[in-house]
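Here the structure is a predicted model, which means the values were calculated and not measured.
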Amino acid sequence: MAAYSDSLKQLDLPLIDAQILDFWQKNDIFKKSVEQKDPKNAFVFYEGPPSANGKPGIHHVMGRTVKDIFCRFHTMQGRRVERKGGWDTHGLPIELSVEKELGITKEDIGNKITVDEYNAKCKETVMQYKDVWDDITRKMGYWVDLDHPYITFKNEYIESVWWLLSQLYKKGLLYKGYTIQPYSPAAGTGLSSHELNQPGTYRDVSDTTVIAQFLTIHESLPQFLEHYGDIHILAWTTTPWTLPSNTALTVGPDIEYVLVKTYNQYTFRPIQVILAKELVSKVFTNPFRLAENQEEFLSYQKDQKFIPYLVDASFSGESIIGVRYEPLLPYATPYENPQNAFRVIGGNFVTTEDGTGIVHTAPTFGADDAKVAKEAHPEIPPMLVKDQHGNLVPLVTLQGKFRDELDEIGGKYVKNEYYPEGQAPEKSVDVEISIKLKIENKAFKVEKYVHNYPHCWRTDKPVLYYPLDSWFIRSTAMKDKMIELNKTINWKPAHTGEKRFGNWLENLNDWNLSRSRYWGIPLPIWRTENASEEICIDSMAQLNSEIEKANETLGLQQVMPDDLHRPYIDEIILVSKNGKPMKRETDLIDVWFDSGSMPYAQWHYPMEHQSYIDQGLKFPADFIAEGVDQTRGWFFTLHAIASMVFESVAYKTVVSNGLVLDKNGVKMSKRLGNVIDPFETIATYGADATRWYMISNAQPWDNLKFDLEGIDEIRRKFFGTLFNTYNFFILYANIDAFQYKEDYIHVSERPEIDRWIISKLNHLIQDVQDDFSDYEPTNATRKIMEFVDEHLSNWYVRLCRRRFWKGEYGLDKIAAYQTLYDCLLNISKLSAPVAPMFSEWLYNNLNSATGREVHESVHLADFPVANLKETDDALEQRMDYAQRISSVVHSIRKKVGHRVRQPLAKIILPIIHPSFIDQVEAVKELILSEVNIKKIEYITDTEGFIKKKSKANFKTLGKSLGKNMKDGAAMIAEFDQAKINELEKKGVISLTINGEAYSITPEDVEISFDNIPGWQVGIDKDITVALDISLDDALIHEGLAKELVNRIQNMRKNADLNVTDKISVVLEKHDVLEETIRQFGDYIKQEVLAETITFAGQVNDEKVEISDEIQIAIGIAKI
RNA sequence: AGUCUCGUAGCUCAGCUGGUUAGAGCACUACACUGAUAAUGUAGGGGUCGGCGGUUCAAGUCCGCCCGAGACUACCA
């Protein structure tokens, strides 16, 4: 065995990082930590794949720290924790970065650049920063298998995804339908929400808006409206071009509506209109004016300046649901169920903020519209007509034009912006329609209106909300299953699962899978031209045999493509049962499906490794962790696919961590220049301090305000203290050659203070074990810090210092070494999940000197198990007394100006309960030496000069006293000594409050002590300490002796002497000190390792102040 | 706009199922202590617990509304 390493004089975490990373690599520690564990005892973890086309940020360090902690913890718990890395390689961000790099747009793909070239470029770009990622992974100490990662663009991965899709297809959960999506007619493409969120897409535009008058059908009106004659419903729109597609009007069921009589301002005909009561004044602005009376209203002439109106009946939205009305602009009728169109329906999204409180509803051009239309009973049909091929189409084409057959508006673009430069007509369709409505007595008001509207970021032209064909997963069909399974998942924090994710599942929509893109997993569905026959491919083998079948039937020469991406896959033509050619549906699938497939696709299931899933060896995961932003992302896709395909959860526990903000709580962004570089941070402060700071400062699921000063604080306070404690230990352990060779001293045979810190340690182990098991790393780190700082360093080591450097190498000393060694070793294990490198350094330094542990790494060791037999609550209680009594004495000393080196005669403690004396006596020596006092005396109230105070215990009394609590508390505070004594002796007294009698027990009253007159007294809660501050000669000389020791020790330290060097001391002659040396010379010699202390008339050293009155020169010399 | 989270000392955070005078660390000031110490101790300043209302003997804690910050979803007549 060797000595303990003392190569580091000062804490240098980055240096330790480098050494440990090197050690791990050379000795394959990560691999061993996995492979030494039993595969049957697996802890399954899934790595959410990052995309390597961007550089890692500090928030990635946060997320991965959380993952690493629990993987390491469970490894130390004996589980086999395989961590297969992965890369997310598809998706829009990659396409966009490629397009930016090449300076092309989507329209150029297939023209300026082939799909083949484009995808090759994407594939190249996707791994652009892989090296940087690998580097941060290593440097932050994150253990993940980067040598065998899953990569979502690999054929094997795609094949597994296809298989999953085909399972959904077989269950009837895959269908083609349409939804309203943002669409850019100029670019001919749908826009993703990501694209719509590009800066500058939402702009203020001035549009022609119309409040249209919809004429109700008399027979459908409710009774209370029957006798009014013609009634119009008013509805506002900012997109008049959608009016021909109107099929319903939506009212708020709880909104109050009124019938208003007035005259149309364009035709001057008398009309009666319905709108929300709240909006009457907003809609009836100039030239309308509320009529004073019926006469004024009836006498209106068309050339009058003001148009009068009268408010008549008032009723709820609910009461007019079902009313029918004439189609406003009957250019077309819905092909499906036209009899169900043109009705008033109810919708909760209706507000009275603007418009008329009645929403013009065109299900073909509004997402909300489509939704309420579907929810109505019977369903409101969308305005779809048959085209020449017999397909149902909306009235507007994909080019953004009205269909040709629509009379005068046919063939016109719905927005003037869509016309080629210079070809736009003077009057837009919106204006044309408005004029037509005015003439036909169908327009109540036409005006310009400025509002915010999204624009296509490529073409700068307004976006159209348009129904687009898409493939969907019918997730709504499995909604109940997903909700049920979600209840079994352990969410950290719980509310993310119950509330955020739970609500999301409750309001689940079908999953739109389609993306009209190039770089992604192609949809494995082939269809005949008329869509009557289709096939969903589930594997390469099936594709291969289908190709052969098609070759045979259709006489083709196709071969299986090497790459399953576009464009190769698009060239494959398959054959239907009836011998018709089938082409692939050109869409790609949503990349979120890629990542949600990883539990299976990472193993190329089911083509390989079937047991991993089927026998539950690697499914579901015990634990996953990502940012909260993944709640509706990866957390959902994993859950959805597992629920729908396997009727299982995909993970048992999920930790969703919050964001990393800058120190002011602002999101980090390149623009603001407040981005923290993770490499720089780790290089400066070390990975462990960074990790520990992130975990201990805030719960992982709270947002972290990242402040570099906080890391420094952790370095100083936690790692610095721990390092110093280690250094203290080895300083003496090396001198005494303590290598834990002696027999283990049974804990019961060790001194009080050793048993105390061991008791504390075992409680700590228990707590940390529980916290890590509960996925509460923040609590674990905070408790470890408190132990190291408060208890180990500032109490145990401080009080035990002398045991290490004084006296024989005997049982007491060995007990001290064993105790401190065990504490340090256990701390290294407890800290290992969070601070993997420093703890490794500590563990190996300790262990290489003693060889007590067989493991070459702390990460191969077992996590400590608390030994509750070694805990002692009474002991912890009395040590708490000792600490508090000492603290009170310090405080009194400070008040009266006696430094601690001046011994004082005694303290007096009032007895607070019968066992108090025994408790304090057990720790008496510690108190006496800590505060430099000669003895402790106890007094009871029989001496008569302490006064007891009483105070109500609100917690116990509150329930029984109820209303009388306040008065009761006042009465209890007034108890005199006799009453308190009676309570203590009898154990119960009765108290009458406001005429009601209660019995009071000692539990209900808290008793404390008042100041003792004539003494220096300090109080800490229930503990009162009185200090005797009188000095006699003996105390004064002892005080001087201690001062001398202190000065000489300082000189030794300044002279850079070794702690074992012997010295001789010469003091300048001084009468008082000569007496001190006579009494305490031996003591001083022992303390400062002096062979001799002599006086001389003249000493040529600097004068030193011993006390206020005494200054002498002191000389020391090494012997 | 909706859903969810958060708001406690200058800063970072504790505060258990409601209970006495709301705590800790950092920072600041002063004084001590130290043969492990970039450590520590003692004392001090600093809080209408985001605001208003309610329930209760009692509210930082429970309920309602509002304000502010953030995330996600949606984007509307």
Side-chain angles (χ1 to χ4, degrees), chain A residues 10-11 182 193 196 202 209 235-239 242 249-250 349-351 353-362 366-369 451-452 454 465 493 495-496 498-501 503-504 507 627-629 631-633 658-659 661 663 665-667 696-699 701-703 705 707 709-710 712-713 715-717 720-721 723-732 778 782 785-786 789 793-794 797-798 801 804-805 886-887 890-895 897 899-901 951-959 961-969 1006 1046 1049-1050 1052-1053 1057 1059 1087-1089:
Chain A
Q10 278 212 316
L11 178 62
S193 60
L196 224 49
Y202 280 84
T209 69
W236 184 54
T237 180
T238 56
T239 51
T242 59
L249 292 170
T250 309
F349 68 96
V350 180
T351 67
E353 258 158 43
D354 45 25
T356 63
I358 296 155
V359 177
H360 144 62
T361 304
D368 272 341
D369 304 32
H451 64 148
N452 211 251
Y465 287 89
H495 58 75
T496 300
E498 282 162 24
K499 303 283 180 65
R500 190 188 267 211
F501 195 63
N503 290 347
W504 164 255
N507 300 315
V628 259
D629 51 337
T631 306
R632 276 133 171 156
L659 279 99
L661 308 170
K663 64 177 175 182
V666 180
K667 208 174 167 180
S696 66
N697 189 65
Q699 306 271 26
W701 34 88
D702 287 338
N703 289 347
K705 292 182 188 170
D707 188 355
E709 280 177 39
D712 204 42
E713 193 181 318
R715 207 211 65 215
R716 282 204 320 269
K717 264 193 83 64
T721 306
F723 176 80
N724 284 330
T725 307
Y726 167 78
N727 256 5
F728 169 83
F729 170 79
I730 61 163
L731 176 64
Y732 298 106
T778 305
R782 287 177 180 173
M785 278 160 90
E786 192 194 348
D789 194 42
S793 172
N794 284 311
V797 173
R798 193 151 63 85
R801 261 184 322 228
F804 291 91
W805 59 272
S886 303
S887 154
H890 279 134
S891 133
I892 302 172
R893 276 181 173 276
K894 144 89 185 157
K895 207 160 34 181
R899 40 180 55 173
V900 177
R901 274 194 294 269
K951 195 194 257 173
N953 179 345
F954 281 69
K955 208 163 184 172
T956 61
L957 280 174
K959 271 171 207 136
L961 295 202
K963 275 197 178 113
N964 290 322
M965 187 64 220
K966 228 173 219 165
D967 295 333
E1006 286 165 8
N1046 170 254
Q1049 298 286 38
N1050 286 342
R1052 287 186 58 122
K1053 198 177 183 181
L1057 297 187
V1059 284
E1087 290 294 309
V1088 303
L1089 299 183

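- Looking at A:Thr631, its side chain has no donor and acceptor atom pair within 3.5 Å of the base of B:A71.
- Closest-nucleotide positions on RNA chain B for A:Asp369 and A:Thr725 were compared, and the one nearer the 5' end corresponds to A:Thr725.
- A:Arg715 comes within 4.0 angstrom of no nucleic acid atom, judged by non-hydrogen atoms across all strands.
- If you check every strand for non-hydrogen atoms under 4.0 Å, A:Asn1046 touches sugar and phosphate atoms only.
- As judged by a 4.0 angstrom heavy-atom cut-off over every strand, A:Gly962 is placed among the base-contacting residues.
- Counting heavy atoms from C-beta on, the side chains of A:Thr725 and A:Phe729 never come closer than 4.5 Å.
- Between the side chain of A:Gln10 and the base of B:A38 there is at least one donor-acceptor pair of N/O atoms closer than 3.5 Å.
- Using a 4.0 Å heavy-atom cutoff across all strands shown, A:Ser887 reaches sugar-phosphate atoms only and no base atom.
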Completion exercise
Nucleotide by nucleotide, nucleotides 1-6 of chain B touches protein heavy atoms under 4.0 Å in the pattern (B base, S sugar-phosphate only, - none) --SBS-
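- Residue A:Leu1057 is classed as a base contact, given a heavy-atom separation below 4.0 Å to a base.
- Nucleic acid contact for A:Asn1050: sugar-phosphate only, since backbone atoms but no base atoms lie under 4.0 Å from a heavy atom of the residue.
- The side chain of A:Val900 approaches B:C33 more closely than any other nucleotide in the set B:C16, B:C33, B:A39.
- Across all strands shown, A:Asn964 has no heavy atoms under 4.0 Å from either base or sugar-phosphate atoms.
- Rounded to the nearest Å, the gap between the P atom of B:C4 and that of B:A27 is 40 Å.
- Comparing B:G15 with B:U55, their P atoms are spaced 29 Å from each other, to the whole Å.
- Within the nucleic acid shown, A:Ala969 has no heavy atom closer than 4.0 Å to any nucleic acid atom.
- B:G45 and B:C65 are spaced 40 Å apart, taking the P atom of each and rounding to whole Å.
- Taking 4.0 angstrom as the limit, A:Arg782 places none of its side-chain polar atoms (N or O) nearer than this to OP1 or OP2 of B:U12.
- Across B:G50 and B:C16, the matching P atoms stand 14 Å from one another, rounded to whole Å.
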Problem - Dot-bracket encoding of pairs in RNA chain B, which uses [ ] for pseudoknotted crossings and | for another strand, Watson-Crick or G-U under 3.5 angstrom - result: (((((((..((((.....[...)))).(((((.......))))).....(((((..]....))))))))))))....
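- Nearest approach of A:His890 to A:Val900, heavy atoms of both residues: CD2-CG2, 3.7 Å.
- Taking both residues in full, the closest heavy atoms of A:Arg893 and A:Arg899 are given as NH1-O, 2.5 Å, listed atom of the first, atom of the second, then distance.
- If you take CZ of A:Phe804 and P of B:U37, they are 15 Å apart, rounded to a whole angstrom.
- Evaluation of the side-chain hydrogen bond (donor to acceptor under 3.5 Å, both in side chains) rule for A:Lys955 yields no partner, not counting sequence neighbours.
- Using a 4.5 Å heavy-atom threshold, the side chains of A:Ile358 and A:Val350 count as separate.
- Taking the six-membered ring where tryptophan is involved, the planes of A:Phe728 and A:Tyr732 are perpendicular, since the angle between them exceeds 60° and thus also 30°.
- Base engagement by A:Gly958 is indicated by at least one non-hydrogen atom pair under 4.0 Å involving a base atom.
- Along RNA chain B, the nucleotide nearest A:Thr237 and the nucleotide nearest A:Glu713 are compared for position; the residue whose nucleotide lies closer to the 5' end is A:Glu713.
- The shortest non-hydrogen separation linking A:Arg500 to A:Val628 is NH1-O, 3.6 Å.
- Residue A:Val797 is in base contact, counting any heavy-atom pair closer than 4.0 Å across all strands shown.
- Checking the phosphate oxygens (OP1, OP2) of B:U40, a side-chain nitrogen or oxygen of A:Lys717 falls inside 4.0 Å.
- In this entry the distance linking CG of A:Asn724 with P of B:A39 reads 10 Å, nearest Å.
- As rounded to the nearest Å, B:G18 and B:C57 have C1' atoms that lie 12 Å from one another.
- Taking atom C1' in both B:U40 and B:U21, the straight-line distance is 28 Å, to the nearest Å.
- Of all heavy-atom pairs between A:Leu249 and A:His360, the closest is CD2-CA, 3.9 Å.
- In this structure, CZ of A:Arg798 is placed 8 Å from C1' of B:C33, rounded to the nearest angstrom.
- Note on A:Tyr732: a side-chain N or O is less than 4.0 Å away from OP1 or OP2 of B:A36.
- Straight-line distance between the P atoms of B:C63 and B:G19: roughly 15 Å, to the nearest whole Å.
- Within 4.0 Å of A:Thr239, counting heavy atoms only, lies no atom of the nucleic acid at all.
- A:Met785 approaches A:Ser696 most closely through the heavy-atom pair SD-CB, 4.0 Å.
- Atom name C1', nucleotides B:C62 and B:A69: the rounded distance is 24 Å, in whole Å.
- Annotation for A:Ala698 and A:Asn703: closest pair CB-O, 4.3 Å, computed over non-hydrogen atoms.
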